[in-house]
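Reviewing the structure listed below.
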2 protein chains.
Amino acid sequence: MAQSRPMRADARRNYDRLLAAATEAFAEQGENASLDDIAKRAGVGSGTLYRHFPTRLALLEAAYVDRIEALGARADELAEELPPGEALTEWLYELGVATIRMRGMKALLGSAVADGSSAALTACGTAMKGAAARLVEAAQAEGTLRADLEPVELLRLGHGVTTASELANGQGRELRRYLTLLTEGLRPAG
Amino acid sequence: MAQSRPMRADARRNYDRLLAAATEAFAEQGENASLDDIAKRAGVGSGTLYRHFPTRLALLEAAYVDRIEALGARADELAEELPPGEALTEWLYELGVATIRMRGMKALLGSAVADGSSAALTACGTAMKGAAARLVEAAQAEGTLRADLEPVELLRLGHGVTTASELANGQGRELRRYLTLLTEGLRPAG
DNA sequence: ACCTGAACACCGTTCAAGT
DNA sequence: ACCTGAACACCGTTCAAGT
């Protein structure tokens with residue numbers, strides 16, 4: 001979905017600067033980084049930020065859409081390297097790690113898999129849901145994943161487990177363990 | 001841990017009004033309800049709010065400590081009524097429902113089970129951890145819960161699953177299902 | 001068509017003055 | 001000892017004026 005008309009040169013330049021500034025700011029300060037500060041970093045009036053990115057979520061999406069699409073592609077790589085069940089857990093792990101590392105991404109991924117997920121988030125949402133669907137289907141065919149699990153449920157639970165691991169430790173050192181608890185269940189190992 | 005000296009009458013009255021106003025505001029607007037608005041509702045200067053509750057979390061804790069202790073007591077009720085494994089899942093469910101219904105409570109419970117949980121949150125933290133510990137121990141003795149699960153891990157995962165169910169639907173209608181997925185695991189039912 | 005930045009409404013926090 | 005509310009620094013958002 002490219003721009004129907006190319007942007008004016010100054011607009012294009014401001015757009016790029018804003019994106020760079022935003023990526024920096026989100027990485028440093030998380031999803032709530034000051035928008036005004038981002039505009040200042042980009043050397044741009046605050047109104048210009050709003051013109052290009054009417055909502056904070058729009059800016060977050062623009063800042064992370066590449067990474068997210070890379071994560072989608074990563075799912076397919078893993079599917080080739082590993083048996084379906086393992087590919088799925090490994091992907092959830094890498095997804096969680098990315099969510100924790102790139103501090104602004106959590107809100108974005110959350111919104112993308114939320115119920116009324118904003119129509120504007122189609123890019124991230126469909127990338128994630130598509131990747132999840134392929135992994136889920138393969139694992140179900142293999143018989144290592146509950147047949148009644150919806151891809152979006154997997155994403156939401158992954159998000160929740162990541163949240164849980166952040167409670168344990170800002171860096172999510174417990175992420176692997178918590179994912180294991182999810183996949184194996186809380187009942188005794190049998 | 002009662003006050004060593006009783007509060008002056010006007011201070012006591014302001015304290016109570018602030019708490020009532022805060023409970024209202026948190027219920028309506030969630031954990032980020034405006035503190036200034038809370039002070040205004042209570043008919044009190046904003047400085048007075050800060051005198052009694054130096055941080056937002058302190059106010060949240062004060063507003064919800066009763067409910068949280070009730071949830072702790074509820075754990076023991078359930079332990080008498082149900083077999084340990086069921087008592088545990090049911091408690092997690094009720095905990096999740098409360099977290100979702102009382103909009104301000106989520107942040108509080110989250111902080112209470114977080115790693116560096118603020119020393120000020122001892123009341124909520126110990127109530128939750130104590131209740132969880134009793135349920136976990138019983139279920140482990142019964143053999144329906146993994147022996148290596150720490151009570152605080154249960155609380156964190158419960159928090160995470162609640163988050164997941166909020167993504168599915170603001171009201172958490174999927175909470176029961178998501179808890180089942182956690183307890184049974186993502187592998188096929190055997 | 002796009003940009004700027006002042007203006008507005010809001011919020012959290014502090015603190016001098018008051019009782 | 002406690003309360004008040006003005007003052008400060010900050011933030012998001014809009015919009016008239018400019019190019």
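Every chain is numbered from 1 and lettered A, B, ... according to where its sequence line falls, protein lines coming before strand lines.
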Same cluster for B/Leu18 and B/Val65 if Ile/Leu/Val/Met/Phe/Trp/Tyr side chains link at under 4.5 Å? no
Residues in salt bridge (charged side-chain N to carboxylate O under 4.0 Å, His left out) contact with B/Glu137, at least two apart in sequence or another chain: none
Quick one: list whatever passes salt bridge (charged side-chain N to carboxylate O under 4.0 Å, His left out) with B/Arg173, sequence neighbours left out. none
Look at A/Arg156 together with B/Glu174 and state whether they make a salt bridge at an N to O cut-off of under 4.0 Å. no
Base-pairing string, 5' to 3', of DNA chain D - Watson-Crick or wobble, under 3.5 Å, | interstrand: ||.|||||...|||||.||
Categorize B/Asp37 for me: base, sugar-phosphate, or nothing, with a 4.0 angstrom heavy-atom threshold over every strand shown. nothing
Of all residues at least two apart in sequence or in a different chain, which pass the side chain to side chain contact (heavy atoms under 4.5 Å, CB included) check with A/Pro83? A/Glu86, A/Glu142
Mapping A/Arg56 and B/Asp10 to their closest nucleotides on DNA chain D, which lands nearer the 5' end? B/Asp10
Going by an N to O cut-off under 4.0 Å, is there a salt bridge joining A/Glu153 and A/Arg146? no
Does A/Ala87 have any side chain to side chain contact (heavy atoms under 4.5 Å, CB included) partners at least two apart in sequence or in another chain, and if so, which? A/Leu78, A/Leu82, A/Leu135
Sequence neighbours excluded, which residues qualify as salt bridge (charged side-chain N to carboxylate O under 4.0 Å, His left out) partners of A/Glu90? A/Arg176
Lys/Arg-Asp/Glu bridge criterion (N-O < 4.0 Å) met for B/Arg177, A/Glu150: no
Could you note down all residue pairs passing ring-ring contact (aromatic ring centres under 6.0 Å, His included) where residues 57-108 of chain B supplies at least one of them, sequence neighbours left out? none
Between B/Leu35 and A/Arg51, whichever has its closest DNA chain C nucleotide further toward 5' is A/Arg51
With a strict under 4.0 Å distance from non-hydrogen atoms of chain B, what nucleotide opens and what nucleotide closes the contacted stretch of DNA chain C, reading 5' to 3'? C/dC11 to C/dC15
So ring-ring contact (aromatic ring centres under 6.0 Å, His included) across residues 122-169 of chain B, not counting sequence neighbours, yields none
Specify the residues of residues 24-34 of chain A, ordered by number, for which at least one heavy atom lies under 4.0 angstrom from an atom of DNA chain C. none
Listed in order of residue number, which residues of residues 41-48 of chain A have a non-hydrogen atom at under 4.0 Å from DNA chain D? A/Ser46, A/Gly47
Is a side-chain donor-acceptor pair under 3.5 Å present for A/Lys106 with A/Thr163? yes
Taking only residues two or more places apart in sequence, or in another chain, which ones meet A/Glu69 in a salt bridge (charged side-chain N to carboxylate O under 4.0 Å, His left out)? none
